[in-house]
Amino acid sequence: MTSQIIPVDPFDFIIFGGTGDLSERKLLPALYHRQRDHQFSEPTRIIGASRTKMDDKEFRAFAKKAISDHVKPEYIEEAELKTFLDRLSYVTVDAKSGDGFAELKKSVGDSKRIRVFYLAVAPSLFGDISDHLKAHKLVTADSRIVVEKPIGRDLESAKALNDIIGDDFGEHQIFRIDHYLGKETVQNLMALRFANALYEPLWNSAHIDHVQITVAETVGLEDRVTYYDKAGALRDMVQNHILQLLCLVAMEAPASMDANAVRDEKLKVLNALKRVNGNEAPKQTVRGQYRAGASAGGPVKGYIEELGADSTTETFVAIKAEIANWRWAGVPFYLRTGKRLASRVSEIVIEFKPIPHSIFGESAGPIFNNQLVIRLQPDEGVKQFIMIKDPGPGGMRLRQIPLDMSFAQSFDGRAPDAYERLIMDVVRGNQTLFMRRDEVEAAWKWIDPIQHAWEGSRQEAQGYTAGTWGPSASIALIERDGRTWHESN
Ligand code: BG6
């Protein structure tokens, strides 16, 4: 997508977990793309830091391979790649003992450049790294720290983590990343709502029947056995990505795009979410776990076989959520996410209320509610479903069609990955697309009672065949209310 590229001030970007999976798949490729688009000013440097023993040359070779594996060949330009690799260096550090931090200090020197510490490591190391950075006087006024989810596994642990990092960095320096907020279409949701006069007057319980948010994946456990089995879909996807999407749909118009203006509005939504208590959980939530089935045309194992151990962890969640405020009272938000589902699709569906009265007879056929479908991935775009007259003679027959705005067709060029946008926002110090401490904690306040209800009542994860849309209870959850999940294929 074409956009004007504005270079940022020079910075030092230190990746803890520099040789890990996130660095390889996302961070190094994203940084390379920003280099290729000439967004860096001199002398910008990227420093890998991790426990693996490596020298600069080996780290450059690692980065070169990461880029050739994860960047499309047409975007690899030798001269840009060389300039990029020349920016890289490496320091071996031990996050637990603090070995290597003195070396890191030497490596960044006394520069007054912006410093970004990106913690692409297990959350159990966040506190140690943050403390060592402080102890070695690496934290300057222009430093920022980036932490990946999960921020804790419940409210209490999230608070403890936030306290530790908050002792070493000011809130304005802490960037809690949720990569969904960097996705083009997610930002487009704000454009759609607040750069158009059309929708906002209708965006409330007087005109909207319900909202659906689906984040469906076809992948299974991948290589994240230890993390995922302890987390489950509720903590892995709902606490962060799905609730962030819900906030962007439901929030009041912020006064500006200023970080706190946006985050204040999101926080109000989170605080207005009706708690789901022990009695309601079985009616309002569904837990599922995939069993053997088929995905991408081939057979796949069930979760337990993939894990190699017995487990009650959910790989699917559906929830009927409600927001107790004037705008949304009585409008259910149906949320669902899962692994090994029928197709990979993330979308938000806004279904409007039925027309109050039909002037057409039965022969015209059914009149469907208008739906606005915001497709986050794949095939990013927005579709507004409306009713029209079926063309041609033969009387008045009605048909539903989409007004289709596919981004791929509308814009030329490459769609940047979410990480590219978010990393540059960190360098610029723009926190609009990052979660503030109180947001993360408010999200846990809503998640914890659901988790407790499940544990207390031993609400089981119902089996579903891999390659389907989840347990039948998920269909029942919405059909009980006389509604259906949008066909997401
Ligand atoms: C991550 C989750 O945050 O998001 C993963 O931990 C999930 O389990 C991933 O697969 C999905 O991200 P995307 O961008 O591929 O939709």
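Remember, it's 1-based here, ligands and their atoms both numbered in the order they're listed.
- Summarising the geometry, atom CE belonging to Met190 is positioned 7.5 Å from atom OG1 belonging to Thr432; distances are rounded to the nearest 0.5 Å.
- For atom 12 (O) of ligand 1, the closest heavy atom belonging to the protein is His179 NE2, 3.1 Å.
- Ion pairing between a basic and an acidic side chain is recognised when a charged N comes within 4.0 Å of a carboxylate O; Arg176 and Glu171 show such pairing.
- Figure legend: cation-pi geometry between Arg87 and Phe40 absent, as NZ or CZ is not positioned both under 6.0 Å from the six-membered ring centre and within 45° of its axis.
- Ligand-side atoms of ligand 1 in range of Lys149: 1 (C), 2 (C), 3 (O), 6 (O), range being under 4.0 angstrom from any heavy atom.
- Listed by atom number, the atoms of ligand 1 under 4.0 Å from Lys183 heavy atoms are 13 (P), 14 (O), 16 (O).
- With distances taken over non-hydrogen atoms, the option nearest atom 5 (C) of ligand 1 out of Arg224, Glu217, Arg235, Arg344 is Arg224.
- Paired with Phe126 under the rule side-chain contact (heavy atoms from CB on, under 4.5 Å), one option of Ile165, Asn162, Ile164 passes, and it is Ile165.
- The protein non-hydrogen atom at the shortest distance from atom 16 (O) of ligand 1 is Tyr180 OH, 2.5 Å.
- Ligand-side atoms of ligand 1 in range of His241: 1 (C), 3 (O), 4 (O), range being under 4.0 angstrom from any heavy atom.
- In summary, the atoms of ligand 1 found under 4.0 Å from a heavy atom of Asp236, numbered by their order in the structure, are 2 (C), 5 (C), 6 (O), 8 (O).
- Distances below 4.0 Å separate heavy atoms of Lys339 from the following atoms of ligand 1: 5 (C), 7 (C), 8 (O), 10 (O).
- In the displayed structure, Glu460 atom CD is contacted under 6.0 Å by at most 12 heavy atoms of other residues, nucleotides or ligands.
- Taking the six-membered ring for Trp and thresholds of 30 and 60 degrees, Phe84 and Tyr32 have ring planes more than 60 degrees apart, a perpendicular arrangement.
- With ligand atoms numbered from 1 in the order given, ligand 1 contributes 13 (P), 16 (O) to contacts under 4.0 Å with heavy atoms of Gln377.
- The backbone N or O of Ile145 sits nowhere less than 3.5 Å from a side-chain atom of Gln173 that would complete a donor-acceptor pair.
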